[in-house]
Amino acid sequence: MDPSVAVLAGGVGAARFLAGLSRAVDPTRTTAIVNTADDTVLHGLTVCPDLDTVTYTLAGLSDDERGWGLSGETWRTLEALARFADVRPAGSTAGSTWFSLGDTDLATHLYRTARLAEGATLHAVTDEIRRAFGVAQRIVPMTNEPVRTIVTLADDSPVSPGADMSFQEWFVRHRHAPPVAKVAFVGADGAVPLALDHVASADVVVIAPSNPLVSIGPIRALSGVDAALAARRDTVVAVSPIVGGRALKGPAAEMMRRLGSEASVVGVARLYAGICSTLVIDSVDADLAPEVEAAGMACVVTDTVMSDADVALALALTTIGAVA
Ligand code: FO1
């Protein structure tokens, strides 16, 4: 029988890894535990970007170029909202268009929001959405409770220096350009992690190639997650999201530098060494393998840039094989 796998996941990098994994092992034996600290409310709708990126990608319906949202998307609702820009009173956020919600993507947020209003948990709604999209892998939000990433902008930020800002405002509205001095996961303290039993009992745990600070960080901030990983460290393997000192997508490298980590596979190894035995790094970083090992992790060198489905499949097989 194929090994059971639990995957700690953020957005696009994790989604592509999970798509490779779904071809490598029986998808019904895989559980993705997904960051929800990026979630936001827009137009009264609950939007869960990482959950949706994972679901759409596994359904084969994501927009590959953007990395988020659905392929073949149309934007008529967004365009229609622009009509209200001139009449919106100062201080109102009604009808804002800085976060692009596509017409078909909106259906997911409408369904989720309506089900949450009926009293369903985020876990239950996420499972309903997964089934509606015909995805076999289990997709579990990291918690049912709202946890929100808040960034504190650095004093040298050209925008609102020293101010606190929601993750999506920073990431999308300001294109993750303003330097960040601090990151907090508001609500993480009291939130109950989901799927801790899978983290404890799966044959293999994978930390997907996601931002270690703002995608994996919120999952780790939940009570008991790090302890559960540390207790089975020998069968926990991470894939570095940093390749050649840069993130393939998003602000991970710049963020790591700003928040005191080295923006390299060695910096990733130092962040994960306490909870994870093995780091998978890209061939371009092969010369750093001894430093990863010096940071306390075994190191596997392979192609990690998932430019097509076959690379993702090979990466998934190598990753699982490193600790299975
Ligand atoms: N990212 C953007 O850069 N611009 C957008 O307008 C945007 C809209 C959007 C809508 C739905 C969704 O699920 C994701 C969306 N994202 C957008 C991506 C997303 O906000 C970020 O990539 C993640 O939060 C980071 O993991």
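When a ligand or atom number is given, it counts from 1 through the structure's own listing order. When a residue number appears, it is its place in the shown sequence, counting from 1.
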>> Under the ring pair (Phe, Tyr, Trp, His ring centres under 6.0 Å) definition, can you give me all pairs with a residue in residues 46-94, not counting sequence neighbours?
In response: Y56-F133
> Have E262 and S264 got a donor and an acceptor in their side chains that come within less than 3.5 Å?
Replying inline: yes
>> Quick test of your reading of the model: are R112 and D52 salt-bridged, counting only N-O distances below 4.0 Å?
In response: yes
Between the protein and ligand 1, which nitrogen or oxygen pairs come in under 3.5 Å, and how far apart is each?
{"from": "ligand 1", "atom 1": "1 (N)", "to": "W68", "atom 2": "NE1", "distance (Å)": "3.3"}
{"from": "ligand 1", "atom 1": "6 (O)", "to": "S100", "atom 2": "N", "distance (Å)": "2.9"}
{"from": "ligand 1", "atom 1": "6 (O)", "to": "S100", "atom 2": "OG", "distance (Å)": "3.3"}
{"from": "ligand 1", "atom 1": "20 (O)", "to": "Q168", "atom 2": "OE1", "distance (Å)": "2.9"}
{"from": "ligand 1", "atom 1": "20 (O)", "to": "Q168", "atom 2": "NE2", "distance (Å)": "3.4"}
{"from": "ligand 1", "atom 1": "24 (O)", "to": "D38", "atom 2": "OD2", "distance (Å)": "3.0"}
{"from": "ligand 1", "atom 1": "24 (O)", "to": "Q168", "atom 2": "NE2", "distance (Å)": "2.8"}
{"from": "ligand 1", "atom 1": "26 (O)", "to": "D38", "atom 2": "OD2", "distance (Å)": "3.1"}
{"from": "ligand 1", "atom 1": "26 (O)", "to": "D50", "atom 2": "OD1", "distance (Å)": "3.0"}

> Who are the side-chain contact (heavy atoms from CB on, under 4.5 Å) partners of A15, not counting sequence neighbours?
Replying inline: T53, V54, T57
> With a 3.5 Å cut-off and no angle check, do the side chains of T31 and Q137 form a donor-acceptor pair?
Replying inline: no
>> If the condition is side-chain contact (heavy atoms from CB on, under 4.5 Å), which residues does N144 pass it with, not counting sequence neighbours?
In response: T121, L122, H123, L194
